[in-house]
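Just below is one structure, and these are the notes that go with it.
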Amino acid sequence: MTSAGLTRDFLAAHDPHALAPLDFLRARFDAGLAWVQYPEGLGGLGLPREEQSAVDEAFTAAGAPDNNPRRIGIGLGMAAPTILRHGTDEQRHRWLRPLWTGEEVWCQLFSEPGAGSDLAGLATRAIRDDDGTGWVVDGQKVWTSMAHEARWAILIARTDPSVPKHQGITYFVLDMTAPGVEVRPLRQATGEAEFNEVFLTGVRIPDTDRLGAVGEGWAVAQTTLMNERVAIGGGASPREGGVIGVVTDVWRKRPELRTPALHDALLRLWVEAEAARLTGTRLRQQMAVGQPGPEGSAAKLLFARLNQEISALELDLLGEEGLRHDEWTMRRPTVVDFAGRTAGYRYLRAKGNSIEGGTSEILRNIVAERVLGLPPEHRLDKDLAWKDLPK
Amino acid sequence: MTSAGLTRDFLAAHDPHALAPLDFLRARFDAGLAWVQYPEGLGGLGLPREEQSAVDEAFTAAGAPDNNPRRIGIGLGMAAPTILRHGTDEQRHRWLRPLWTGEEVWCQLFSEPGAGSDLAGLATRAIRDDDGTGWVVDGQKVWTSMAHEARWAILIARTDPSVPKHQGITYFVLDMTAPGVEVRPLRQATGEAEFNEVFLTGVRIPDTDRLGAVGEGWAVAQTTLMNERVAIGGGASPREGGVIGVVTDVWRKRPELRTPALHDALLRLWVEAEAARLTGTRLRQQMAVGQPGPEGSAAKLLFARLNQEISALELDLLGEEGLRHDEWTMRRPTVVDFAGRTAGYRYLRAKGNSIEGGTSEILRNIVAERVLGLPPEHRLDKDLAWKDLPK
Amino acid sequence: MTDLLYSDVEEELRASVRSLLADRAGFEAVLARIESPEPVDLKLWRALAVDLGVAGLPVPEAGGGAGASWRETSVVLEELGRAVAPVPFLGNSVLAVAALLGTSDPLLDAVAAGTRVATLAVPLSAGTLKTWTVTAEGDRLDGTVTSVVDAGVAEVLLVPTAAGLYAVEATDTERTPVVSFDLTRPLTDVTLRGVTGRLISADAAGTVERALRAGAALLASEQLGVAEWCLTTTVEYVKTRRQFARQVGSYQAIKHRLADLWVSVTEARAVARYAADCLATGDPDLPVAAALAQAFCSPVAVKAAEECVQLHGGIGFTWEHPAHLYLKRARSNAATFGSAASHRATLAGLVDLPA
Amino acid sequence: MTDLLYSDVEEELRASVRSLLADRAGFEAVLARIESPEPVDLKLWRALAVDLGVAGLPVPEAGGGAGASWRETSVVLEELGRAVAPVPFLGNSVLAVAALLGTSDPLLDAVAAGTRVATLAVPLSAGTLKTWTVTAEGDRLDGTVTSVVDAGVAEVLLVPTAAGLYAVEATDTERTPVVSFDLTRPLTDVTLRGVTGRLISADAAGTVERALRAGAALLASEQLGVAEWCLTTTVEYVKTRRQFARQVGSYQAIKHRLADLWVSVTEARAVARYAADCLATGDPDLPVAAALAQAFCSPVAVKAAEECVQLHGGIGFTWEHPAHLYLKRARSNAATFGSAASHRATLAGLVDLPA
């Protein structure tokens, strides 16, 4: 039967308004309509990924509850594909269902204060415990969204410092309620704390929560990171979707702010935003016909630059209003609300776009080396043991 | 006696309108009023360099002939200071007087097709001749202005390929009329040939025309290059001097070409040009009080970028006229006439500004490493013998 | 949904055109030709028009054309841009075809077949044309049009006047070659003194607007081709050129600039494809797509050509290296069918962002 | 000839101010203060004003000042910019002093001595002021002025009205703190309801114009200070921070960006010095110099602060790192005394480049 037919049947059998939302979501998962490209028994039907959007639309049209995908984005976008690809059957069955239904929130413990762009340089240590059934982890992670709400974390840690850095890393799933896990808010330039620092002190992880082989963590992490970049660059949007729509709205509604110089500056950015949007559309068309182009890196580079330039223009436009802010209170947002705050907030928050999820500098390296085939940077750190690297 | 007094006396004794120009110039040289900072007997009086401009002004006011400084710029700006610093007494006396009077034009044989930014990588070979009294030179030089009019060239050539590249170079003065010197025009994107390629085939140079010790040519060349950069960046100019004056003139005279977008673009460039001009003024004030700042590199970077952006704006302004050119004839100009040709000529010629005399990329390296103290580029070529370098 | 990809048919067409151009319009041949008495390569043109049949791609087969669409035309333009090939494609197969397509004039047959070269007598720089420099008294035309593309080799000129669009025999006019800034795209000043014209359309304004809009939409593909050649050539050069015993392309500042350029070219492809598709499908968004195409692709091509010259160092500044031809084409294109700034001003009206 | 260098006296003054700020306005202290109930550091202000005597540098000694010039003021502003120090120097020692200098009002004594803090009641964003939001009926003033710098701590407000410039006691007004985008430069909305004012000058327009022009000319030095701090701090950081076992500052793309930034800062220094010197010497080119100063230095400071955040990576985006304070100051300065674009428009009139 087709996914459309199965969806119809499911909705006929399960009234979204009668069932409790969690029961409805669990049933949907069990029917294989969560993510149809996943295997049967794991929320899917083994169908092409393209069929999912029609399924989602049918559920939305029927008024079905959703799993609050922005809240569980890290689980959906990064943990799940990694567990699916590298997990054991037991691990998949344990984690994927509550992940998808939103019962369990996930976070990502990758970056460290000393390992940002150079993620593989990480220093968090995992050492086999005495009885050999698990690991003891010590270290500090940073830039962790949702750590304060998360039940589980995907974690990479160094299990062998005596080999070159990419070889001594292992990938774990960490229970965030385990003793020794301390989460502290990390305040940003905006005054908020979207992110956290996570301190790990003698935290025990059972070996059954390791994902992939010991020392293979870097390869496993690639699955996570690849999915992160697709997620950040992705998303179809209509013309004037995103931050450009905010500033065009101001322009249209407030003719008293207009000047000839700002007019041309606005039009330049409108053109750039529309070009970036069409580039994203073309990328999705390529992916749909199975030509995954390298345009994903372009999309993320453009997204960051445009958000920054457009929000700066908005400040230019606002003049005195740009000198005034709404609040600097330390808050703990779970999703970034670009449109709901002041232009100043957008300006500051957008500065993070070229740092988080891969700096623009690293993305340019990736484009230059992987797309254009230019020679790699001179590196000392590929062959030396991690412990012998200059720090 | 002061240089002002000496100038007065000299002009009283030598009527510039009565003497033949060359005789007048020779007499001026012999009186030490050519370049007062040079030693006595070599056209100078050993006085501070700052006194020269008053002397020059007095000669100009008296209607004295000049030595056509743009035509002999390479001799004045590069060869002369190098000969003064590194030449023997005999060499100084042989070359400096006819150089300054303009009787003998000089050119510079440094760059090669394979050695542009990496000048020290040059491949032109000089080998001791059989009787040990001279050298035989073979190789190809490029980007040589005035080679077709020059009597002498300053030349660097490799005398020892078995040592690292900076150590195996020797500095010579080459007689451009010697057998085996072939000068071919090098046509540029503008259609003209300001420059030449110079092919050297078994050219003999007497050892008495070597400047500095064998193998010390790179150090000697630094004197030449330092003076080149000062020359390119230098020069006081009034507000709207240079290419910005050309485009402001078009703007003022032809209101029908104006648009709001171009207006702001023009003002941005006006601001940039004025900032660059003030930067040059400040540089000269620093040099005058003996604080030679590193602003010289900034001046050359700015000069190139501004010429390029301003000439592009002029094309934007001209619309249809920019589609039309004056001529593509292969000509051999001796000085670059930025103002006398079309906007399209300026646009094309300005592209050379960020390449000639040190590319903008190399200048940024210099600023980053020498001014900001950032780590040097990773290099393979400092310790390996020149002959063993990858080419 | 607009299709921004290339179809298999389009890729086959591209391969044929590229192969022909590689054979017949190599750089040395182009360089030799542009200073010769015959700067336009009419033999190459015939091979394109007659052998490959690309002179009238969007014209129905019944009308002498190939029965394809403007999308295929845009692919040909990409390749012509990559080769800066001196053929009268822009005048004939873009401007004249676009002008004639809306009419039922029989001239379209010959123009689409490539057997009679035609062009539209407007200044190449015109983004729109609101006044006419040629007047019609009955069927007698008088006046001058400057900087007309491909008029030097055209047999027929389509001349707009207040009274309508006329076809005139090119040999009846006085044609003065212009020293063009872009040597691979010679321009001609055309003067008509009592020349007899044949009325093709009473609506010159509408016809010219349609043709110039098609021109703006499709020129983006030529600009994409120019930019791609510059990017590809520069990337290859910096991989082989060594300075300080390292490939120039191993220096990170160079790498990042080329990465940024690649991003821009990637965007230009999406934008140019969008414009071509809107034109081919009669999408109501065409006015926006065409203005966007020029506002975006025009500076990208210039940037690519400028980086090409700079990153080649001295050699890129010589007459003997192809880079200057691309720089001149890119810069000339930036003033063709209206500047990027004028297209931004057009967009302001179209998308309700008033001054 | 304009002197664009720093005199020995200026360098000594710089050293004193820098040393005081290093002791008393370190980053942690500033960060703690900006969210406290007293965001402005009046103890530091007294040390500057009374101990160092920099509150009224251009005021003749007979008038309570230091008998120096606006050049020395600009050096103090460079240092205050380097420290983003929260003191009422801009309101008091630039705006109020400039407004009072042209008058013979005795208030200048106290303001120049730093014993009574004053500011000019105009919106900080104003490049020029053509209409007044406060009206005077006899000596009774009514109205509101928004976003006034240093009004929160000022004792005296200089209030422009159509009838002239008045001095009012700050405590007689209603002052509402603004949540300022730049936390180190708190703004205040000031409302006057029948407040008694003392007429200082009948020519409010001329006085305000003079003060705002001095503000524009001198703010460039603060912007230079901000830019210099950002450049220096970033250069130091990339020398020590390692990624991939290499100093971040060894990557050429980073090096070139910092070299370009150094060039811009070098230019900004020449431009800011020129403006300060023109102001100090009453040079007739002052209007051009002041507009140029803002048109050029304002974007340089923003660029420097943006590069500082980006090249610090994640740490530069945290509240605990000073970079964000400089970013906020630079961005806020870009909207202070008129935007760069508005100063370009002013230049258009001054140097005969009409629209």
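Residue numbers start from 1 in every chain, and the chains themselves are labelled A, B, ... in the order their sequence lines are given, proteins ahead of strands.
For the atom pair CD of E272(A) and CZ of F296(C), the computed distance is 5.5 Å after rounding to the nearest 0.5 Å. Atoms CG and OG, from L301(A) and S264(C) in turn, are 10.0 Å apart once rounded to the nearest 0.5 Å. Rounded to the nearest 0.5 angstrom, Y6(C) OH and Q286(A) CD are separated by 10.0 Å. The CG atom of L292(C) lies 11.5 Å from the CG atom of L267(A); values are rounded to the nearest 0.5 Å. Atoms CD and CD, on E369(A) and Q252(C) in that order, are 8.5 Å from each other to the nearest 0.5 Å. Put simply, CG on L231(C) and CG on L372(A) are 6.0 Å apart, with the number rounded to the nearest 0.5 Å.
Looking only at distances, no side-chain donor or acceptor of K255(C) sits under 3.5 Å from a matching main-chain atom of V367(A). A donor-acceptor distance shorter than 3.5 angstrom exists from the side chain of Q285(A) to the backbone of T2(C), with no hydrogens or angles considered. Distance alone, capped at 3.5 Å, places no donor-acceptor pair between the R364(A) side chain and the A259(C) backbone. Between the side chain of H378(A) and the main chain of S250(C), no donor-acceptor pair closer than 3.5 Å is present.
When side chains are defined from C-beta on, P354(C) counts as touching R258(A), because their heavy atoms get closer than 4.5 Å.
The list of salt bridge (Lys or Arg N to Asp or Glu O under 4.0 Å) pairs with a residue in residues 334-344 of chain C, not counting sequence neighbours, reads D264(A)-R344(C). Under the salt bridge (Lys or Arg N to Asp or Glu O under 4.0 Å) criterion, the residue pairs touching residues 281-299 of chain C are R239(A)-D285(C), with sequence neighbours excluded. The ring pair (Phe, Tyr, Trp, His ring centres under 6.0 Å) analysis of residues 346-373 of chain A, with sequence neighbours excluded, yields no pairs.
At a 4.5 Å heavy-atom cutoff, the contact between V288(C) and chain A is made by side-chain atoms alone. Interface remark: L266(A) contributes side-chain atoms only to the contact with chain C (heavy atom separation under 4.5 Å). In this structure, the portions of L374(A) lying under 4.5 Å from any heavy atom of chain C include both its backbone and its side chain.
No more than 12 heavy-atom neighbours from other residues, nucleotides or ligands sit within 6.0 angstrom of CZ on R49(A). Other residues, nucleotides and ligands contribute only 12 or fewer heavy atoms inside 6.0 Å of the CG atom of D383(A).
When each of Q247(C), K239(C), H343(C) is scored by its heavy-atom pairs under 4.5 Å with chain A, the top score falls to K239(C). By number of non-hydrogen pairs under 4.5 angstrom with chain A, the leading residue of V271(C), L258(C), L347(C), D260(C) is D260(C). Heavy-atom pairs under 4.5 Å with chain C were tallied for R305(A), R277(A), E240(A), E361(A); the largest tally goes to E361(A).
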task: Before giving the answer on side chain to side chain contact (heavy atoms under 4.5 Å, CB included), spell out for L278(A) and E267(C) the whole-Å C-alpha distance, their side-chain angles and the decisive distance to 0.1 Å.
output: CA-CA 7 Å; L278(A) 289 170; E267(C) 291 184 273; over 6 Å; no
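Among the residues in residues 243-257 of chain A, those with a non-hydrogen atom closer than 4.5 angstrom to a non-hydrogen atom of chain C are T248(A), W251(A), R252(A).
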